[in-house]
Amino acid sequence: MRILIVIDTSRLCGGAEQTTYDLRAGLQQRGIETRIFASTAATPGEFYADDTCLGTTSSFRTLLQSANPWAAQRLRQVIKDFSPDLIHLKMFLTQLSPLILPVLKGTPCLYNVEWLRILCPTGNKRLPGNSPCTKPAGLVCYRSSCLPLHDYLPLALQAQLLKTWQGVIQHYVACSPYLAASIQAAGLQPVSLIPNGVPLRAARPPLSQPPIVGFAGRIVPTKGLEWLIRAWPRVIAAYPQVCLRVIGEGEEQGKLQALAKYLGVENNIEWLGQRSREETNRLLEPAWIQVFPSITPEGSPLVVLEAMMRGTVVVSFNFGVLEGLRSPGIQFVKPLDFADLATTLINLLADPERLETLGNQARKYALAELSLERYVDRFIDLYQQLLQSSQSG
């Protein structure tokens, strides 16, 4: 079996890119020949793709993601040379445009949905005030101020090209029940559910003083770190020695550091910057709790799965997304409510024994359902089903 994975970028900076890297390794370990095709939109030296095409992070990106003829031309040659049995399409609408879809015609193809970009040009189906958007993408994206006119016009072209060639995709795979329900409601069928997976690792050590709360992710508005910092004065008032350990970088870091200083909590926050996957897990091993305060629905975030694999309790805003991870090790709070977030953290920190129990339950669930081995095996089973169906059809 030969599998070609197609993705916008190949750099280890996001969940989709990390799962792609992990999936290829797992498939190759099982003797399945696998190649990755991606754009060059990344810092030099970060590529792990086998074949690349033109990509950019400049202002030219909006046009390129709408119509990238270089991607289509190069991908056609890669398919001719590699002759894959199946194409595993991952994120492809931020660099590789829908022009690649007609190139895939004639080869069984699945689309691995990890966000809602196929339904929404911002990828999250939320309006500027963060309320859910219930309307199909179109002129409403401009009228609702989700997109400025200079972005709306090329992305409207992208949407039309996608609609024209969407029939090339024969099967959809969602990484969470929320995403599966969303694309099914849009009439995209058939859909399988395969949650992301993470490598096995040893359980974290027993909790010790002083208490540590962890955050890992890009420091951008959608990741919600601001809400955690606004909750932090109340947490410190109850536990003066508590430390917030922040791992990540992003455009909001300066603003949030200034906010922490204004609130008088800067001495209880460690800003550790961008770290590797292994460093992140090591630095978060002593955490009593890991907070995932994203303010938009996300699919199957790896930072949550890795916390569960370590046996760390996760606290998250309840957008209905992580409810597919059926474990008491995830504690939900009211969306965008820093007071409820603070109260939940204070109550959990007051009971280390309960945190140990909940953490053990989280790890037990992760070992059974969220391992990288299970993730790879689920895809192999689906590949075989699709190929059998294609051959019999």
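Residue Val235 is grouped with residue Leu358 when hydrophobic side chains (ILVMFWY) are merged at heavy-atom distances under 4.5 angstrom, including chains of intermediate members.
A donor-acceptor pair is defined here as one N or O able to donate and one able to accept, closer than 3.5 Å; no such pair exists between the side chain of Trp288 and the backbone of Gln209.
Residues passing the side-chain contact (heavy atoms from CB on, under 4.5 Å) test with Ser39, sequence neighbours excluded: Thr9, Ala41, Cys53, Gln95, Leu96. Ser327 pairs by the side-chain contact (heavy atoms from CB on, under 4.5 Å) definition with Met308, Ala362, Tyr365, not counting sequence neighbours. Listed by chain and residue number, Phe379 satisfy the ring-ring contact (aromatic ring centres under 6.0 Å, His included) test with Tyr375 (two or more places apart in sequence, or in another chain).
Counting only residues at least two apart or on different chains, the salt bridge (Lys or Arg N to Asp or Glu O under 4.0 Å) pairs with a member in residues 85-99 are Lys90-Glu114.
Gln274 and Arg218 share no side-chain donor-acceptor pair at under 3.5 Å. When only modelled atom types and interatomic distance are considered, His88 and Tyr111 share no side-chain donor-acceptor pair under 3.5 Å. Side chains of Gln77 and Asp81: a donor-acceptor N/O pair is present below 3.5 angstrom, by distance only. With no hydrogens or angles considered, no side-chain donor-acceptor pair links Asp381 and Gln385 at under 3.5 Å.
Residues Leu139, Tyr142, Leu147, Leu149, Tyr152, Leu155 make up the rest of the hydrophobic cluster containing Leu153, defined by ILVMFWY side-chain heavy atoms closer than 4.5 Å, directly or through other members.
In this pair, Trp227 and Phe338 present their aromatic rings tilted. The plane angle is within the 30 to 60° band.
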Taking only distance into account, with no hydrogens and no angle test, what donor-acceptor pairs under 3.5 Å do side-chain atoms of residues 160-170 form with protein atoms, sequence neighbours excluded?
| from | atom 1 | to | atom 2 | distance (Å) |
| --- | --- | --- | --- | --- |
| Thr164 | OG1 | Gln160 | O | 2.9 |

Which is it for Met1 and Glu33 under the side chain to side chain contact (heavy atoms under 4.5 Å, CB included) test, yes or no, and what are the steps along the way? CA-CA 6 Å; Met1 189 190 308; Glu33 192 174 355; over 6 Å; no
